Amino acid sequence: MAKEKIRVGTDGIYDASKLGGGRMVVLGFQHMFAMFGATVTVPLLTGLDISTTLLMAGLGTLLFHLFTKFKVPAFLGSSFAFLGGYATIAPMLKDADGNATVANKELLPYACLGVACAGLLYLVLAAVIRLIGINKVMKLFPPVVTGPIIIAIGLGLAPSAVNNCKTNWWLAIIALVLVIVFNIFGKGMIKIIPILLGIIGSYAVAAIVGNGFGVESFAIDFTAVKEAAWIGFPIEWSSTVFGGVHDSSKAITAVIAIMPIALATMMEHIGDISAIGATCGKNYINDPGLHRSLAGDGLATILASLFGGPANTTYGENTGVLALSKVYDPRVVRIAAYFAILFSFCPKFAAVIESIPMSIVGGISFVLYGMISAIGVRNVVEAKVDFSKARNTIIAAVILVCALGLGSGVSFTIGKFDITLSALAIAAIAGIVLNAVFPGKDFDFAKSTEKAEEVKAEK
């Protein structure tokens, strides 16, 4: 009887077992596909190994869920925030044609050591929050700050979606239309797996039109798929911190250069957790607690970096999937993590995913990134932020302009080290400072939490 009462795709589903085990597996597969495009982009840009990245994304997600009492439906994938750090410590080497495409295998372990140490700062902040209490910390992050940051996260990703679409607008539109049609007009299970169906459908179109009918712009290169092995071990010892770090001077330089980036990513973490909470209608900052999510994220980053993977972070793509499917059960995300771990041992599968045209990824991202910004708008509306007050308008305005206008962020030099803060980090810092300085603060985290619980109980 319980299954019949569920309006799939309309009601929020917190217990996916009501849908059945088979459907949970498919939903988990969808989450893995959603994160794949962005997650493998980081190793492609840095020279890190894709299989290692997949393995650490899966293990990092499971570790995060353990620390958050298995309550937060977040997937942890490769963080883009540390790209500048990798480029500084282990820049890509030039190939025979003069293009920077060759991994700097010698110096990558040092960059990974720096990222691992940056992860330690997460644990420090988590400990501080645990000691002084979440209420005091969250005074710095009222909805007038977190709402615009969430909006900026989505809008900041928008150019990436458009640039991917530009590679083949027709294919991107096909992917986008399929997602919309399945989600709006689909029934039952179809309604909650539009991302997976959109990818499979548009990929099939590309293969048929491009490889079957010879339309070059649609063609998919299957060479790497044919050449890839079925089974392979995802970790190479010489690429790990344990096997590749031998020079203490280089190690210290990497740590000093990369650790400050964590100040930015911790701000982004708070925005991401707020976005996930707003999507699911739950206050994850309060329960299981921001200190737990920070610790989980930090430890996942440390684990991944020590074994040659990129830093981990909560993924906006998967938040978009949550918003679209309305299935909020963390077990579904853990299934995606199991898939990531499983396929990290299968280079051929990784090659298949890499063969997906970027235009398809762009078409899918059109929906996912837009959903994130829409969640930010909802966060501000539900918190009843009063924009008739000049302080609130100015704070939101500064956050949005900093996040969207500063592009690649701001770089500066301390001694002989070059440090870059992302635009989103600067926006978050600006919002926090302005909110602390301006008079007229009217947000009480404890009271807002009590009110949310009362509304939830009434429903």
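Excluded from the calculations below are hydrogen atoms, water molecules and symmetry mates; all remaining heavy atoms, backbone and side chain alike, are included. Because the structure is a prediction, the values reported are computed rather than measured.
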I149 vs I399, side-chain contact (heavy atoms from CB on, under 4.5 Å): CA-CA, chis, key distance, verdict: CA-CA 7 Å; I149 288 175; I399 290 173; 4.0 Å; yes
Is it true that a side-chain atom of [X] and a backbone atom of [Y] form a donor plus acceptor pair closer than 3.5 Å?
| X | Y | result |
| --- | --- | --- |
| N183 | V179 | no |
| S373 | G370 | no |
| D329 | I13 | no |
| T61 | L76 | yes |
| S359 | N164 | no |
| T393 | F387 | yes |
| Y328 | I276 | no |
| K348 | A229 | no |
| N168 | S217 | yes |
| S305 | I302 | no |

Can you check whether [X] reaches [Y] side chain to side chain, under 4.5 Å on heavy atoms?
| X | Y | answer |
| --- | --- | --- |
| H31 | I195 | no |
| T46 | P310 | no |
| I341 | L62 | yes |
| W169 | V162 | yes |
| M56 | L306 | no |
| L171 | F218 | yes |
| K226 | T223 | no |
| M266 | L121 | yes |

_Result of checking S344, P234, S78 against T53 for side chain to side chain contact (heavy atoms under 4.5 Å, CB included)_ =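 Only one of S344, P234, S78 forms a side chain to side chain contact (heavy atoms under 4.5 Å, CB included) with T53, namely S78.
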What is the ring orientation for F233 with F345, classed by angle as parallel under 30°, tilted 30 to 60°, or perpendicular over 60°?
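Because their plane-to-plane angle is over 60°, the rings of F233 and F345 count as perpendicular.
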If the plane angle is over 60° it's perpendicular, under 30° parallel, otherwise tilted; pick one for F29 and F33.
perpendicular
Taking atom [atom1] of [X] and atom [atom2] of [Y], what is their separation to the nearest 0.5 Å?
| X | Y | atom1 | atom2 | value |
| --- | --- | --- | --- | --- |
| I364 | I356 | CD1 | CD1 | 9.0 Å |
| K326 | T279 | NZ | OG1 | 9.5 Å |
| H291 | L125 | NE2 | CG | 11.5 Å |
| N318 | M32 | CG | CE | 11.0 Å |
| I273 | I285 | CD1 | CD1 | 7.5 Å |
| T301 | F64 | OG1 | CZ | 11.0 Å |

Where do [X] and [Y] come nearest, in terms of heavy atoms and distance?
| X | Y | result |
| --- | --- | --- |
| S293 | T68 | CA-CG2, 3.7 Å |
| G186 | I190 | CA-CG2, 4.0 Å |
| V332 | A16 | CG2-CB, 3.7 Å |
| G156 | L404 | N-CD2, 3.8 Å |
| P73 | Y284 | CD-OH, 3.4 Å |
| G309 | Y86 | O-OH, 3.9 Å |

Exercise. Given the rule in the side-chain contact (heavy atoms from CB on, under 4.5 Å) test, do V42 and S79 qualify, once you have shown the distances and angles that lead to the verdict?
Worked result: CA-CA 7 Å; V42 173; S79 172; over 6 Å; no
Set of salt bridge (Lys or Arg N to Asp or Glu O under 4.0 Å) partners for K389, sequence neighbours left out:
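Partners of K389 by the salt bridge (Lys or Arg N to Asp or Glu O under 4.0 Å) criterion, ordered by chain and then number, come out as D442.
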Item to complete: Could you list the residues that satisfy side chain to side chain donor-acceptor pair (under 3.5 Å) with K71, not counting sequence neighbours?
Response: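 So K71 forms a side chain to side chain donor-acceptor pair (under 3.5 Å) with D287.
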Does the side-chain contact (heavy atoms from CB on, under 4.5 Å) test come out yes or no for N435 and V144, once each step is laid out?
CA-CA 8 Å; N435 178 69; V144 72; 4.1 Å; yes
*asked:* Quick one, F222 with N211, criterion side-chain contact (heavy atoms from CB on, under 4.5 Å). Give me CA distance, side-chain angles, the key distance, then yes/no.
replied: CA-CA 10 Å; F222 290 107; N211 299 73; 3.6 Å; yes
**Q.** D272 and T314: side chain donor to acceptor below 3.5 Å
**A.** yes
